[in-house]
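The next block holds one structure in the form of structure tokens; read it before the comments.
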There are 2 protein chains.
Amino acid sequence: MQAKEILKAHIAKTATLTADEFEYFFSCFKLQSYKKGQAVISEGDRVQHEYFVLDGILKTFYINDDMKMFILQFAMPTWWASDYNALYTGSKATVSVDCITKAEVLCLAGADREKLCSEIHQVEHFFRWRTNRGYVAAHKRLLSLMNSDAKHRYEELMAQYPELFSQVPKHLIAAYLGVSRETLSRLYNP
Amino acid sequence: MQAKEILKAHIAKTATLTADEFEYFFSCFKLQSYKKGQAVISEGDRVQHEYFVLDGILKTFYINDDMKMFILQFAMPTWWASDYNALYTGSKATVSVDCITKAEVLCLAGADREKLCSEIHQVEHFFRWRTNRGYVAAHKRLLSLMNSDAKHRYEELMAQYPELFSQVPKHLIAAYLGVSRETLSRLYNP
DNA sequence: CGTAAAATGTGATGTACATCACGCAATCGT
DNA sequence: ACGATTGCGTGATGTACATCACATTTTACG
């Protein structure tokens, strides 16, 4: 499926755009290819864009003072990724984004998103709903972190996204779950 | 300050409404008073509303199978609270909301919010931005849970919301931080 | 293809926290 | 005002997980 069709189908789930509106909407995106391991946003960058994943898997992550990595999100096809705090406030990136596999993404400038949102009511509607879902998912994950032990969180993740098991190195899954790679290894090799 | 003025000032930070639009917007809210300890949303409820806090402190929380409570949010004046998952999807509440102190809130039906969003572009704009901020805050908290120990999280919370120390019982602060009340007690009585 | 680098498995040890148990202090409701 | 409830402090003990150390396996790539 072509980039345009993927995006169209994605939008259509929450908003109704005319053909002309969608053409205009789509014209604001830029197709980009990344190699495995390539950085999309690095800590300290000025963040000007957000990214819609067409193919491949990205990760958004934070590295603390001890060089330990924590993964906020695996972004799979039809997911969006950026450092939204930096993008909205104009501050520098504290969260980084890079490619776990080679990837195809559509890139949208924050300024263009705001322009589109103000020009086309349904686009604003779409982005409101997209963020709603992210907000709810983040709270669900907060509860999971506070409530469940590592094994339970691991099983939940594998039940929801079994493809991660084969497509993503285990130490990254550990960094997402908030456990050490050793502990994760012991969870499924008891 | 009156309810209307508080809400007006709150909205004005992110959206521009004409006087007529704001009157219409405000007319969809219903003022409600709650006593200390009173429930706003209970697990299992059909959730039809969200709540804008004028005065007092609410909490949104989850209780697990072992009857242990986890707090997702303390909602202080000008904050919003609900079970957004249930409100958006029509499912039953898994998250509850109640009042830590006596409280005054403005109550908005989900259906009315959607109507307002579709009728007034700037209202949709406002709600998009409100959720944006919540999304960013939730991710910040995820990182804090994964990255920092209990003492660090406690100090961050007290630095940002010192009023919680005096206004909210310690065991609720513990339930927000994701530690036992005993551990929290030992953090500030070393 | 062959070597370096990255990813994974596994034991030994340490630790931040939970849990249990109890006593005391503050607050609430009638 | 006074008993009941709720909140708080503190010791003793248990445990899930981190960390360190090193071996083994898999993958990347010149």
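Every chain is numbered from 1, with letters handed out A, B, ... down the list of sequences.
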Considering all heavy atoms of both residues, which atom of A:Arg133 and which atom of A:Thr14 are nearest to each other, and what is their separation?
NH1-CG2, 3.4 Å
If every non-hydrogen atom of A:Val95 is compared with every non-hydrogen atom of A:Ile41, which pair is closest and at what distance?
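The pair with the smallest heavy-atom distance is O-CG2, 3.8 Å.
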With the 4.5 Å side-chain cut-off for hydrophobic clustering, are A:Met69 and B:Leu143 part of the same group?
no
Could you tell me if the side chain of A:Ile63 sits less than 4.5 Å from the side chain of A:Ser96, heavy atoms only?
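No, side chains not in contact.
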Return a single string for nucleotides 12-30 of chain C, one symbol per nucleotide in 5' to 3' order, where B is base contact, S is sugar-phosphate-only contact and - is none, cutoff 4.0 angstrom on heavy atoms.
B----SBBBB------S--
With the threshold set at under 4.0 Å for non-hydrogen atoms, list the residues of residues 56-67 of chain B touching DNA chain C in residue-number order.
none
For residues 161-171 of chain B, which residues have at least one heavy atom under 4.0 Å from DNA chain C?
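DNA chain C contact set from residues 161-171 of chain B: none.
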Within 45° cone of A:Tyr154 ring axis and under 6.0 Å: A:Lys151 NZ or CZ:
no
Using the six-membered ring of A:Phe165, assess whether NZ or CZ of A:Lys170 lies under 6.0 Å from its centre and within 45 degrees of the ring axis.
yes
Is A:Tyr188 near enough to C:dG9 that one of its side-chain N or O atoms lies under 4.0 angstrom from OP1 or OP2?
yes
Between the side chain of A:Glu43 and the main-chain N/O of A:Ala93, is any donor-acceptor distance below 3.5 Å?
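A pair under 3.5 Å: no.
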Taking B:Ser118 for the side chain and B:Lys115 for the main chain, is one N or O donor matched with an acceptor at less than 3.5 Å?
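Checking the backbone N and O of B:Lys115 against the side chain of B:Ser118, a donor-acceptor pair under 3.5 Å is found.
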Please report the C-alpha distance between B:Trp80 and B:His10 in whole Å, then the side-chain angles of each, then the deciding distance to 0.1 Å, and finally whether the side chain to side chain donor-acceptor pair (under 3.5 Å) criterion is met.
CA-CA 11 Å; B:Trp80 297 75; B:His10 176 66; 3.0 Å; yes
Please test B:Gln73 against B:Tyr176 for side chain to side chain donor-acceptor pair (under 3.5 Å), starting from the C-alpha separation and ending with a verdict.
CA-CA 7 Å; B:Gln73 185 200 19; B:Tyr176 177 90; over 6 Å; no
In whole angstrom, what separates A:Lys102's NZ from D:dT27's P?
17 Å
